[in-house]
Participant: 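Can you read through this structure? Questions will come right after.
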Protein chains: 2
Amino acid sequence: MTSPMHHDGFCCAAHSGSDSMAAILETAETRARMQGARLTPVRRRTLEILLHAHGALGAYEVLEKLAAEGYGTQPPVAYRALNFLVEHGLAHRIRRLNAFTACAQPDHDHRAAFLICEKCNSVTEADADLLSRALDQAAQAAGFQLDRATIEAVGQCRACQDAPE
Amino acid sequence: MTSPMHHDGFCCAAHSGSDSMAAILETAETRARMQGARLTPVRRRTLEILLHAHGALGAYEVLEKLAAEGYGTQPPVAYRALNFLVEHGLAHRIRRLNAFTACAQPDHDHRAAFLICEKCNSVTEADADLLSRALDQAAQAAGFQLDRATIEAVGQCRACQDAPE
DNA sequence: ACTGACATGTTATATAATAACATCAAAGGC
DNA sequence: GCCTTTGATGTTATTATATAACATGTCAGT
Ligand SMILES: [Zn+2]
Ligand SMILES: [Zn+2]
Ligand SMILES: [Zn+2]
Ligand SMILES: [Zn+2]
């Protein structure tokens, strides 16, 4: 057990945001349905694993957990579930980390930016609305037809700045 | 020979921008010096290879070329040269592509954004000043101390939009 | 010439991702 | 209810990307 002290599916403050984990899963279920897709057990469990994780998780970390619970033991099992979640807006891929994280606002389409702390490896999904607009402009200026974008910031989170040393 | 028709080190319009390749190499040389680093033969050649490439190049593609010219044949040779160039502002790493590209404005420090065409795989370095400011704001709002960022847009370049189908 | 710092090269290994195929389960037509 | 079609799950095997650890070589300063 990696996170010993949790109740109701939560383990820390970071996981007690506006949406509860149950609510997110509910949303996920609905959202997948609407897109004509099924949130099958592996997929759902993969999402839970991401939701429960502190930072982002690598595919092989996810695979380990899935395997330990009786799901498949080979890489494609994890990659397929993760790709499904990403494609359906339920998770994001963090390219700089070769890792995945559950989407914090799965209820609506959005372009996300990520704040990656170099000290504690936390990954925070930030509102990228302003950013997105600036990016649209930059793209337009270059005559580029923008489809989607990756925005990943690296630095130090508030907690780590406050922490001594 | 990959690019049969080139003169003066150039092979196409995309390579005939404001800075000539020779000028960029000159700048690179100077810039490295100023940072107390040496633009050695492998490093310089690696930069030339990137400058000469159309899209971004993977480390192993670069390695192939280096090896063919009598440099080392093993991955660290390419990775070291590429990392050197990135660390000294002479190249950028494109995470989405697991690839590298020569910096288009090596004469000054900047945060870059990249426009990646899904059709022709071209990679264009865009001005990210506006973007950078928006990102700073977003980070600040989250109490995040921003160090550096990756901004990569995916879509269709102008040429590919105009091209029929 | 000697020394210390850095550069280059190697072998070996770690890490991340996909291809190709067999089997199984759900959804829909009849 | 059966059959067919599609999609999901699992496997083995392979490919792709990146780094660790170490030996050798180069060069500037003394
Ligand atoms: Zn999200
Ligand atoms: Zn932190
Ligand atoms: Zn640049
Ligand atoms: Zn294009």
Side-chain angles (χ1 to χ4, degrees), chain A residues 28-29 32-47 49-50 53 55-88 90-101 121 150 152, chain B residues 28-29 32-47 49-50 53 55-88 90-101 121 150 152:
Chain A
E29 193 88 50
R33 270 266 150 61
M34 300 225 305
Q35 299 180 20
R38 295 186 302 138
L39 190 64
T40 61
V42 219
R43 291 168 177 172
R44 186 188 174 95
R45 189 68 195 112
T46 300
L47 179 53
I49 288 169
L50 291 183
L57 293 182
Y60 282 74
E61 291 179 284
V62 170
L63 177 59
E64 247 184 278
K65 294 178 196 265
L66 289 175
E69 297 178 27
Y71 295 102
T73 64
Q74 302 305 314
V77 169
Y79 279 103
R80 280 199 287 241
L82 289 166
N83 286 332
F84 173 91
L85 295 175
V86 169
E87 277 159 21
H88 291 80
L90 303 173
H92 299 283
R93 185 171 203 154
I94 312 293
R95 307 217 78 119
R96 179 173 288 268
L97 303 177
N98 291 328
F100 299 81
T101 189
N121 296 311
T150 298
E152 296 172 2
Chain B
E29 193 88 49
R33 271 265 150 63
M34 299 226 306
Q35 299 181 19
R38 295 160 48 214
L39 190 64
T40 60
V42 217
R43 291 167 176 172
R44 185 187 174 95
R45 190 69 195 110
T46 300
L47 179 53
I49 288 169
L50 290 183
L57 292 182
Y60 282 75
E61 291 177 285
V62 170
L63 178 59
E64 248 183 278
K65 295 179 196 264
L66 289 175
E69 297 178 27
Y71 294 101
T73 63
Q74 301 305 315
V77 169
Y79 280 103
R80 280 200 287 241
L82 290 166
N83 286 332
F84 172 91
L85 295 175
V86 169
E87 276 157 23
H88 291 81
L90 303 173
H92 298 282
R93 185 173 200 151
I94 312 294
R95 309 219 74 121
R96 178 173 289 268
L97 303 177
N98 291 327
F100 299 81
T101 187
N121 296 311
T150 299
E152 297 172 1

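Labels below follow one simple rule: chain letters A, B, ... track the order of the sequence lines, proteins then strands, and each chain is numbered from 1. Small disclaimer: the values here were computed from a predicted structure and weren't measured.
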Participant: In whole angstrom, what separates B:E61's CD from D:dT17's C1'?
Facilitator: 12 Å
Participant: Looking only at the side chain of B:Y60 (C-beta and beyond, no hydrogens), which of the listed nucleotides C:dA19, D:dT9, D:dT17 gets closest?
Facilitator: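 My answer, after comparing the listed nucleotides, is D:dT17.
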Participant: Kindly indicate whether the side chain of B:L85, heavy atoms from C-beta on, has any atom under 4.5 Å from the side chain of B:L50.
Facilitator: yes
Participant: Taking only Lys NZ, Arg NE, NH1 and NH2, and the carboxylate oxygens of Asp or Glu, determine whether A:R95 and B:E152 approach each other closer than 4.0 Å.
Facilitator: no
Participant: Can you check whether A:H92 reaches A:F100 side chain to side chain, under 4.5 Å on heavy atoms?
Facilitator: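 Sidechains of A:F100 and A:H92: no contact.
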Participant: Do A:T101 and A:L57 make a side-chain contact, defined as non-hydrogen atoms from C-beta onward lying under 4.5 Å apart?
Facilitator: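 With C-beta onward as the side chain, the pair stays apart.
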Participant: Answer with base, sugar-phosphate or nothing: what part of the nucleic acid does B:R93 contact at a heavy-atom distance below 4.0 Å?
Facilitator: sugar-phosphate
Participant: Tell me which nucleotide among D:dT11, C:dT8, D:dT19 gets nearest to the side chain of B:V42.
Facilitator: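 In terms of side-chain proximity for B:V42, the closest of D:dT11, C:dT8, D:dT19 is C:dT8.
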Participant: Within the structure, does a side-chain N or O atom of A:T73 lie under 4.0 Å from either OP1 or OP2 of D:dG10?
Facilitator: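 For A:T73, the contact criterion (side-chain N or O under 4.0 Å from OP1 or OP2 of D:dG10) is not met.
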Participant: With nearest nucleotide decided by heavy atoms, which residue, B:P75 or B:G36, maps closer to the 5′ end of DNA chain C?
Facilitator: B:G36
Participant: Separation of B:R33 atom CZ from D:dC27 atom P, in whole Å?
Facilitator: 13 Å
Participant: Does B:E64 use its side chain to pair, donor to acceptor, with the backbone of B:E61 at less than 3.5 Å?
Facilitator: no
Participant: What dot-bracket string describes DNA chain C from 5' to 3', counting Watson-Crick and G-U wobble pairs whose defining distances are under 3.5 Å, with [ ] for crossing pairs and | for pairs to another strand?
Facilitator: ||||||||||||||||||||||||||||||
Participant: Are A:T40 and A:F84 packed together at the side-chain level, in the sense that at least one heavy-atom pair is separated by less than 4.5 angstrom?
Facilitator: no
Participant: Starting at atom CG of B:L82, determine the distance to atom C1' of D:dT17, rounded to an integer number of angstrom.
Facilitator: 12 Å
Participant: Closest approach to the side chain of A:N98, judged atom by atom: which nucleotide of C:dA16, C:dG9, D:dT19 is it?
Facilitator: C:dA16
Participant: Send over the distance from B:R95 CZ to C:dT15 P, rounded to a whole Å.
Facilitator: 17 Å
Participant: How far apart are the closest heavy atoms of A:A99 and A:G58, and which atoms are they?
Facilitator: CB-N, 4.0 Å
Participant: Between B:R96 (CZ) and C:dA16 (P), how many Å, whole number?
Facilitator: 18 Å
Participant: Rounded to the nearest Å, what distance is computed from the CZ atom of residue B:R43 to the P atom of nucleotide C:dT8?
Facilitator: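 Whole-Å distance recorded here is 5 Å.
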Participant: Determine: side-chain N/O of B:R80 to OP1/OP2 of C:dT8, distance under 4.0 Å, yes or no.
Facilitator: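 For B:R80, the contact criterion (side-chain N or O under 4.0 Å from OP1 or OP2 of C:dT8) is not met.
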Participant: Look at the side chain of A:Y79 and decide which nucleotide, out of C:dT18, D:dA18, D:dT12, has an atom nearest to it.
Facilitator: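 It is C:dT18.
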Participant: How long is the line joining CD1 of A:I94 and P of C:dA16, in whole Å?
Facilitator: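 One finds 14 Å between P of C:dA16 and CD1 of A:I94, rounded.
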Participant: With respect to the phosphate group of D:dA28, does any side-chain polar atom (N or O) of B:R38 fall under 4.0 Å of OP1 or OP2?
Facilitator: no
Participant: If you check the B:N83 side chain, which of D:dT19, D:dA18, D:dG10 turns out closest?
Facilitator: D:dT19
Participant: Among C:dT11, C:dA17, C:dT8, find the nucleotide with the atom closest to the side chain of B:P76.
Facilitator: C:dT11
Participant: Measure CZ/B:R45 against C1'/C:dG9 and give the value in whole Å, please.
Facilitator: 19 Å
Participant: To check you understand the geometry: which heavy-atom pair defines the closest contact between B:L63 and B:P75, and what is its length?
Facilitator: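 Nearest heavy atoms, B:L63 then B:P75: CD2-N, 3.6 Å.
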